[in-house]
Q: 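Dumping the structure here so I can ask a few things about it.
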Amino acid sequence: MFRLIVNLTTRVRWFLRCYAPSNIALDAIRTRRGHKWGIPAALVLVPAYLYAASLITTLIERGGPGWLNLVALTLIWSALKFAVMAPVSVGLLIRACLAERSPRRRQQFVPMGYAPGRGVGPWTTLP
């Protein structure tokens, strides 16, 4: 029974990771090129998801089927994921920029005329 539950949850997670639009967008935002789109995506998609959840709950209140509660819950969950991803993407962008900047600064700084690989310095001998 435990194995069945684990297999089912693994397959559901894989399916949602591959085909759910919010998960696809979040995977794109987590890439290096997508970090800059975290805040614009959140500014557009969080209100859109919350508005759609509001419409669904209005339908439920007016006598709609109860299974729409799951749809509303899913929409609210997606809005929360994007609301959290906005500041996280800014932090990831800053970290990536600092990591890319660091090697460039080290290449420009040459202490007392010594640069690695040139064969000139106090611990190397000239051939």
Side-chain angles (χ1 to χ4, degrees):
M1 183 68 174
F2 183 70
R3 176 183 254 172
L4 176 69
I5 292 170
V6 169
N7 284 336
L8 182 66
T9 56
T10 303
R11 292 180 194 278
V12 167
R13 183 188 180 278
W14 175 84
F15 179 80
L16 290 176
R17 175 67 53 203
C18 293
Y19 297 110
S22 64
N23 290 336
I24 294 170
L26 286 171
D27 285 342
I29 290 172
R30 285 186 196 108
T31 64
R32 172 59 186 98
R33 293 181 61 198
H35 292 322
K36 64 183 174 185
W37 295 104
I39 293 206
L43 289 175
V44 171
L45 292 175
V46 169
Y49 277 124
L50 292 177
Y51 182 70
S54 170
L55 288 176
I56 296 289
T57 54
T58 304
L59 287 173
I60 294 167
E61 290 172 357
R62 293 184 180 173
W67 59 267
L68 286 176
N69 285 316
L70 292 174
V71 175
L73 184 64
T74 304
L75 291 170
I76 291 170
W77 180 251
S78 294
L80 288 173
K81 287 193 296 188
F82 278 102
V84 168
M85 192 59 191
V88 169
S89 69
V90 172
L92 292 173
L93 180 62
I94 290 170
R95 187 174 77 180
C97 287
L98 290 176
E100 291 169 358
R101 182 177 173 214
S102 181
R104 279 189 253 145
R105 292 188 88 198
R106 272 191 242 126
Q107 288 175 357
Q108 293 171 356
F109 179 70
V110 179
M112 294 187 281
Y114 172 73
R118 282 203 297 182
V120 178
W123 295 283
T124 60
T125 58
L126 291 174

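Computed over heavy atoms, backbone and side chain alike; hydrogens, waters and symmetry mates excluded. Note that the coordinates shown come from a computational prediction; the quantities given were computed from them, not determined experimentally. Numbering of residues begins at 1 and proceeds along the displayed sequence.
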Q: Apply the test side chain to side chain contact (heavy atoms under 4.5 Å, CB included) to residues Leu55 and Leu59: give CA-CA distance (whole Å), side-chain angles for both, the deciding distance (0.1 Å), then the verdict.
A: CA-CA 6 Å; Leu55 288 176; Leu59 287 173; 5.8 Å; no
Q: Please set out all donor-acceptor pairs under 3.5 angstrom arising from side-chain atoms of residues 64-77, sequence neighbours excluded.
A:
unit_1 : atom_1 : unit_2 : atom_2 : d
Asn69  : ND2    : Gly66  : O      : 3.1
Thr74  : OG1    : Leu70  : O      : 2.7

Q: Which donor-acceptor pairs under 3.5 Å do side chains of residues 36-52 form with protein atoms, sequence neighbours excluded?
A:
none

Q: So do Lys81 and Asn23 actually touch side chain to side chain, heavy atoms under 4.5 Å?
A: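 Of all side-chain heavy-atom pairs linking Lys81 with Asn23, at least one is under 4.5 Å.
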Q: Is Arg95 salt-bridged to Glu100, cutoff N-O under 4.0 Å?
A: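 No, no charged N to carboxylate O under 4.0 Å.
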Q: Which value, rounded to the nearest 0.5 Å, describes the distance between Leu80 atom CG and Met85 atom CE?
A: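 Interatomic distance, Leu80 CG to Met85 CE, rounded to 0.5 Å: 14.5 Å.
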Q: Would a 4.5 Å heavy-atom cut-off, applied to side chains only, mark Arg32 and Leu93 as touching?
A: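 Of all side-chain heavy-atom pairs linking Leu93 with Arg32, at least one is under 4.5 Å.
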Q: Should Val90 and Val84 be counted in the same cluster of Ile, Leu, Val, Met, Phe, Trp and Tyr side chains packed under 4.5 Å apart?
A: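 Each belongs to a different hydrophobic cluster.
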Q: Report all side-chain donor-acceptor pairs from residues 9-19 shorter than 3.5 Å, counting only partners two or more places apart or in another chain.
A:
unit_1 : atom_1 : unit_2 : atom_2 : d
Thr9   : OG1    : Ile5   : O      : 3.1
Thr9   : OG1    : Val6   : O      : 2.9
Thr10  : OG1    : Val6   : O      : 2.7
Arg17  : NH1    : Asp27  : OD1    : 2.9
Arg17  : NH1    : Asp27  : OD2    : 3.4

